[in-house]
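A short write-up of the structure that comes next.
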Amino acid sequence: MKRPIAAPPVMTGAEIRAARETLGEMWGKGEPLRPHELGRVVGLSSKQPGRTVRAWERGDQTPQGPVVVAIKMMLAGAFPPNMFKILRL
């Protein structure tokens, strides 16, 4: 018997914005992560990852499954390997 394929995880623009706020507080910044900071910690390779994150928040683009999984893992307490370098904590 074949198992049904699960739909990829999704996040709305409001959820992405809330994640930036929550992660900034969780990681001791005292303010939301900036869009480019979230883009870097999830591994966006573009020159301007903040533009991509802002597009997600506006609903112009949708984050792909692996990015959503990474954000949800960070919200659950996981630290990305590059966090301290990117955020200069």
Side-chain angles (χ1 to χ4, degrees):
M1 178 152 84
K2 291 185 180 183
R3 298 177 86 192
I5 298 174
V10 295
M11 288 183 89
T12 66
E15 290 171 322
I16 295 290
R17 172 74 180 148
R20 285 198 303 111
E21 292 173 3
T22 300
L23 292 171
E25 291 297 321
M26 284 174 61
W27 295 344
K29 284 189 54 107
E31 63 184 23
L33 294 181
R34 292 183 177 98
H36 75 273
E37 293 171 330
L38 179 62
R40 292 280 183 230
V41 297
V42 298
L44 296 180
S45 59
S46 66
K47 288 185 178 183
Q48 296 183 330
R51 284 187 180 179
T52 300
V53 172
R54 286 189 297 275
W56 294 340
E57 291 179 355
R58 288 189 309 268
D60 296 341
Q61 295 179 18
T62 303
Q64 299 300 307
V67 169
V68 174
V69 170
I71 292 171
K72 289 183 178 190
M73 289 177 66
M74 290 184 286
L75 289 169
F79 291 105
N82 56 354
M83 180 182 88
F84 295 103
K85 179 180 176 184
I86 290 168
L87 303 180
R88 297 183 180 107
L89 297 176

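The hydrophobic cluster containing I5, built from Ile/Leu/Val/Met/Phe/Trp/Tyr side-chain heavy atoms closer than 4.5 Å, comprises no other residue.
Counting only residues at least two apart or on different chains, no salt bridge (Lys or Arg N to Asp or Glu O under 4.0 Å) pair has a member in residues 40-50. The salt bridge (Lys or Arg N to Asp or Glu O under 4.0 Å) analysis of residues 10-21, with sequence neighbours excluded, yields the pairs R17-E21, R20-E57.
The minimum heavy-atom distance between L33 and K29, with the atom names listed, is CD2-CD, 3.5 Å. The shortest non-hydrogen separation linking P32 to E37 is O-OE1, 4.5 Å.
Remark: L38 CG to W56 CH2 distance equals 6.5 Å, nearest 0.5 Å.
Listed by chain and number, the residues in a side-chain contact (heavy atoms from CB on, under 4.5 Å) with R51 are Q48, R54 (sequence neighbours excluded). Applying the side-chain contact (heavy atoms from CB on, under 4.5 Å) criterion to S46, with sequence neighbours excluded, gives P49, T52.
Placement of V10 and V53 in two distinct hydrophobic clusters is found when ILVMFWY residues are connected by side-chain heavy-atom separations under 4.5 Å, directly or transitively.
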Just list the side-chain donor-acceptor pairs under 3.5 Å for residues 60-78, sequence neighbours left out, or say none.
| unit_1 | atom_1 | unit_2 | atom_2 | d |
| --- | --- | --- | --- | --- |
| D60 | OD2 | R58 | NE | 2.6 |
| D60 | OD2 | R58 | NH2 | 3.0 |
| Q64 | NE2 | T62 | O | 3.3 |

